[in-house]
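In the text below, chain A, chain B and the rest are named by the order of the sequence lines, each starting its count at 1.
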Amino acid sequence: MKILTLLGLFSACFLANSINIENSAGQFFSSGHTNNWAVLVCTSRFWFNYRHVANTLSVYRSVKRLGIPDSHIVLMLADDMACNHRNPKPATVFSHKNMELNVYGDDVEVDYRGYEVTVENFLRVLTGRLPPSTPRSKRLLSDDRSNILIYLTGHGGNGFLKFQDSEEISNVELADAFEQMWQKRRYNELLFIIDTCQGASMYERFYSPNIMALASSQVGEDSLSHQPDLAIGVHLMDRYTFYMLEFLEDIHPASKTNMNDLFKVCPKSQCVSTPGHRTDLFLRDPGSVLITDFFGSVRKVELTMDAINLTDPIKQMEEKVFPQPHSDLTDNAVTGSFLCFCWVWTAL
Amino acid sequence: MAAHRCSCWSWLLILFSLSVFVVADIHETTPVNDHHGGVDHNAQTAEQTADQPAVEERRWEATEVKEAATVDAAADIQGTSAPETVVPSSVPQPKDDFQEELVIRPLHSGDIYASFQFRTLWDTDFMRENKVSHYRLFPKSLGQVISKFSVRELHISFTQGYWRTMQWGQPFIPSPPGAELWVWFQDSVTDVDATWKELTNVLSGIFCASLNFIDSTNTVQPSASFKPLGIGNVTDHSFLRYATLPREIVCTENLTPWKKLLPCGSKAGLAVLLKSEKLFHSSFHSQAVHIRSVCQDWQCKTTSWELRQTLNSVFDLHNSGQTKREWSLFKMFSRTLTEACPLASSSKLYIDITDNPQGEQFELSPATSLLSQAVVLGDRRTFSVYDLTQETTFGSVRSLNLLIRWKSNEGYIHYEPSKDRVKPHLLEMLIQLPPNSVTEVTVQFERALLKWTEYPPDPNHGFYVGSSVISSLVPSTVAMHTNSTRERPLFSSFFPCKEESSYFVRIYTEPLLVNLPTPDFSMPYNVICLTCTVVAVGYGSLYNLLTRSFQIEEPNPGLAKRIANVIRRMRGVPPL
């Protein structure tokens with residue numbers, strides 16, 4: 001008797017869900033994000049780590065160029081290279097020798113700088129647990145429809161990343177921070193890029209859904225720097241980020257390049273280390289994920305066929321434009337979930 | 001029985017979860033086209049939306065827009081004048097004014113000091129009940145800071161470098177290296193420390209600086225200095241807070257938000273000159289924001305808020321890679337001026353020509369006829385003025401590139417560096433000394449060690465540096481004869497006399513005895529003795545230990561025994 005009721009409820013639930021499976025499948029495979037955020041972190045201090053600041057600033061530049069505004073970018077630089085007294089060209093950070101590209105630019109907003117770049121502040125930014133007096137520009141105000149790009153660079157090892165030569169963040173801590181973000185619905189999809197030695201170890205421990213990760217080298221390999229500049233006296237960029245910047249310079253806000261092309265950036269012949277990636281936690285196929293889903297800020301446009309009369313007083317306008325809360329889709333979802341809950345409850 | 005109880009609870013929970021799902025679904029769905037909803041749905045939604053506008057209206061603040069709307073409706077019915085003329089009677093329009101100026105002062109060392117000041121005056125009351133919502137020239141972010149934190153005065157500065165008073169004189173707006181913030185709060189603030197903490201956090205977001213490191217460990221309440229620079233009775237220094245962060249760096253990320261506070265931004269007026277690549281390539285750079293209340297007239301019946309943004313910079317002649325002593329706007333800022341800020345009531349460029357009254361030291365081009373005098377820092381100084389609001393200032397090329405060229409002869413410097421063990425240094429200078437002054441010539445040197453054979457027998461005495469020589473023509477009080485063949489006593493005819501009015505003089509300074517680092521010459525002897533002793537003691541002991549073998553030796557027997565042994569040996573019998 002009990003088994004029959006169970007089967008009946010189970011089939012009813014299944015039936016209800018199958019009605020809207022085509023609709024949800026269509027939604028499922030398009031990216032469901034409405035806004036983009038970027039958290040770009042450089043964790044190294046001292047003049048000889050100039051290249052890490054140049055790495056972060058070149059990603060910042062690309063992300064800004066593709067449309068993400070400063071209010072949606074949290075930029076953390078652990079040391080000041082541009083106005084460092086050892087910089088022969090003040091207020092500039094170059095990414096290429098012969099001083100071709102100044103990635104520092106004229107309109108840069110650094111949210112966390114110097115001693116503020118710590119493991120604690122980084123984790124607080126990700127999880128949103130900041131003191132109430134923190135200004136907006138220092139907060140990651142993402143919601144469950146945000147696509148977030150997280151870029152880390154610095155010195156790292158097997159399972160850790162060094163912050164300012166005095167503390168480390170481990171891959172377990174990072175994975176737990178992402179799980180907190182998932183539980184609090186602080187992201188829709190997350191792209192994690194890391195350019196350090198043994199970078200692949202940092203994404204080994206991720207277990208939250210909808211995360212795609214890229215690293216510049218595998219465990220046991222070192223990420224190498226690109227080229228020194230004799231006038232400045234230090235290495236200007238790391239190889240992986242240099243080739244990634246070259247790749248991103250070809251992207252424009254309307255381009256349809258997808259993630260599979262990003263995975264091919266910097267093969268072993270150019271990078272000397274083997275870049276790696278991880279897509280098992282990501283629900284969509286990487287071939288259908290556009291680069292601009294994470295690096296750009298492409299907004300969805302919804303068309304309406306009704307004309308809206310702007311000269312009417314505001315009161316009347318509210319009645320017309322307020323969205324309809326009910327539709328067939330939601331009805332099915334409600335009954336389907338109600339029946340599933342019944343089944344679960346009786347099964348227990 | 002158990003099943004009944006279970007089912008009751010299950011129905012209750014099911015109902016609860018259903019309501020939860022329904023509410024959640026309303027929030028999750030995206031707005032769908034109207035023609036999807038059926039007729040039966042419309043009745044429901046109409047009821048719901050009827051509630052919404054009432055709620056929305058309650059949240060609206062009383063602003064001029066609503067009054068204008070009702071007045072507009074009335075005006076439409078009557079069909080008369082435009083609504084703008086009706087509104088001012090209910091809401092007074094606050095008057096605001098913006099001025100910009102740049103002062104350039106050439107310094108004696110050849111460097112040049114540029115000081116920008118941008119001032120916005122606004123007579124409004126931030127402390128009134130209704131929030132100020134219409135901003136024109138005054139930046140909204142700072143206006144909201146003033147009203148939210150009940151600020152009476154705010155002074156914040158970011159500086160890179162240290163001001164060299166001896167070489168550069170006094171600055172117009174002094175500031176310490178790093179970041180400095182001092183604030184006077186209004187009397188109405190109850191918890192000044194909490195407000196101070198929140199204010200520093202908000203300012204760190206506005207200026208992209210680490211001002212959140214300001215806490216009780218680096219905040220003080222000065223009791224005697226830092227009195228308010230604006231109006232107001234000075235009462236209680238418990239409303240004053242002062243903090244400084246000497247480690248704070250200044251870079252483009254601080255300049256960018258500072259420029260965005262200006263009404264014209266960095267697009268027009270004097271602010272187009274503010275390019276970070278040149279500004280930070282200077283010996284001194286300081287940018288500051290000062291907010292205070294000032295009197296509008298000398299009777300001080302009404303007050304207005306003043307916002308001053310200042311930027312001081314000292315450009316180094318040699319650092320910028322210049323050989324000639326010549327400065328222009330393009331060399332300093334890599335830009336020229338093309339127009340004044342259209343929102344500015346006055347836009348002027350001042351050049352300090354006090355040391356150049358007849359134009360004998362340097363010349364300005366393009367020339368200007370406007371002159372002004374001002375008393376600054378206790379000194380009356382004269383300035384050449386360029387008014388940027390006039391079209392004629394920019395000439396036919398529509399841009400102003402001010403050029404300051406020094407006229408005086410540079411002086412001749414001849415320097416030959418030394419070559420080790422071949423030749424010495426030679427420094428020869430031809431200079432014009434100003435009267436009643438002290439001129440110092442300094443040369444940096446390092447002490448080095450010589451090879452041990454190059455030292456004299458008494459190296460601790462030191463090494464001599466010869467006298468310096470000054471040769472000069474000194475004006476004479478008596479006219480002299482230039483004819484050298486005349487009969488004169490020997491003591492007055494050594495130096496040839498080329499001119500009547502001046503005579504030649506040569507002055508020698510004292511020689512210099514320099515103490516150089518001297519090695520200890522007794523050291524080789526000491527080292528040899530010590531080493532040999534150690535080696536001998538060590539090696540000798542070891543050798544003895546390893547190679548010494550012990551043999552048993554019988555003691556010497558007595559005389560009687562010795563004779564007996566001799567007899568026994570003769571007999572062939574073993575001895576005793």
Side-chain angles (χ1 to χ4, degrees), chain A residues 70 75 77 79-85 87 89-92 102 104-116 131-139 302-306 313-331 333-334 337-338 341-342 345-346, chain B residues 6 10 13-14 17-18 21-22 25-37 41-42 44-46 48-50 52-53 56-57 60 69 73 160 197-198 200-206 208-210 212-213 247-253 255-257 266 275-282:
Chain A
D70 271 316
L75 178 61
L77 297 180
D79 202 0
D80 166 52
M81 299 302 166
C83 288
N84 196 316
H85 295 293
N87 192 350
K89 294 206 133 227
T92 58
N102 173 19
Y104 194 61
D106 222 7
D107 189 21
V108 60
E109 266 184 37
V110 182
D111 302 303
Y112 287 85
R113 60 181 200 165
Y115 297 132
E116 293 177 292
S133 53
T134 316
R136 277 182 81 100
S137 56
K138 288 186 166 177
R139 288 180 188 261
E302 295 204 3
L303 299 175
T304 171
M305 296 302 165
D306 292 332
I314 295 163
K315 197 171 167 181
Q316 288 173 15
M317 236 169 68
E318 286 287 310
E319 285 177 24
K320 265 192 216 164
V321 179
F322 195 82
Q324 306 292 329
H326 291 298
S327 75
D328 294 328
L329 206 66
T330 48
D331 276 337
V334 167
S337 41
F338 161 66
F341 182 82
C342 295
W345 182 252
T346 49
Chain B
C6 265
S10 67
L13 276 164
I14 284 160
S17 59
L18 180 65
F21 283 139
V22 168
D25 273 330
I26 289 173
H27 284 304
E28 272 169 25
T29 51
T30 53
V32 190
N33 284 337
D34 272 349
H35 52 263
H36 265 296
H41 286 293
N42 271 345
Q44 273 184 342
T45 52
Q48 282 178 354
T49 51
Q52 299 296 330
E56 292 295 315
E57 269 183 30
W60 282 98
Q160 172 209 72
K197 186 82 191 126
E198 275 191 51
T200 51
N201 276 313
V202 165
L203 289 174
S204 87
I206 294 177
C208 280
S210 325
N212 45 318
F213 283 134
R247 183 69 164 96
E248 197 61 23
I249 45 167
V250 192
C251 208
T252 312
E253 68 248 23
L255 185 64
T256 309
S266 53
K275 289 292 156 200
S276 53
E277 279 155 12
K278 284 290 188 174
L279 280 179
F280 292 106
H281 199 43
S282 57

Worksheet item: Under 3.5 Å, side chain of A/Asn87 to main-chain N/O of A/Ala82, donor-acceptor pair present?
Response: yes
Practice prompt. Under 4.5 Å, counting heavy-atom pairs only, tell me which of B/Lys197, B/Glu277, B/Glu198 racks up the most with chain A.
Written response: B/Glu277
Discussion item. Test your reading of the model: is there a side-chain donor-acceptor pair from B/Gln160 to the backbone of B/Cys251, 3.5 Å cut-off?
Written reply: no
Item to complete: Could you go through the side-chain hydrogen bond (donor to acceptor under 3.5 Å, both in side chains) check for B/Thr252 and A/Asp106 one step at a time?
Response: CA-CA 7 Å; B/Thr252 312; A/Asp106 222 7; 5.4 Å; no
Worksheet, complete the sentence: If one checks every heavy atom of B/Lys278 against chain A at 4.5 Å, the contacting part turns out to be neither
Worksheet entry | Between B/Leu279, B/Ile206, B/Ile249, B/Val202, the one whose heavy-atom pairs under 4.5 Å with chain A are most numerous | B/Ile249
Worksheet entry | Heavy-atom pairs under 4.5 Å with chain A, option from B/Ser204, B/Cys208, B/Gly205 with the top count | B/Cys208
Discussion item. Is the shortest side-chain heavy-atom distance between A/Val110 and A/Asp80 below 4.5 Å?
Written reply: no
Worksheet item: Between the main-chain N or O of B/Asn201 and the side-chain N or O of B/Asn212, is there a donor-acceptor pair closer than 3.5 Å?
Response: no
Worksheet item: With chain A, which of B/Ala209, B/Ser210, B/Ser282, B/Ser266 has the greatest number of heavy-atom pairs at distances under 4.5 Å?
Response: B/Ser210
Fill in: Residue part contacting chain B, namely of A/Tyr115, when any heavy atom lies under 4.5 Å
both
Practice prompt. Select, from A/Pro90, A/Pro132, A/Ser137, the one with the greatest count of heavy-atom pairs under 4.5 Å involving chain B.
Written response: A/Pro90
Worksheet item: Counting only N and O atoms by type, is there a donor-acceptor contact under 3.5 Å from the side chain of A/Arg113 to the main-chain atoms of B/Glu253?
Response: no
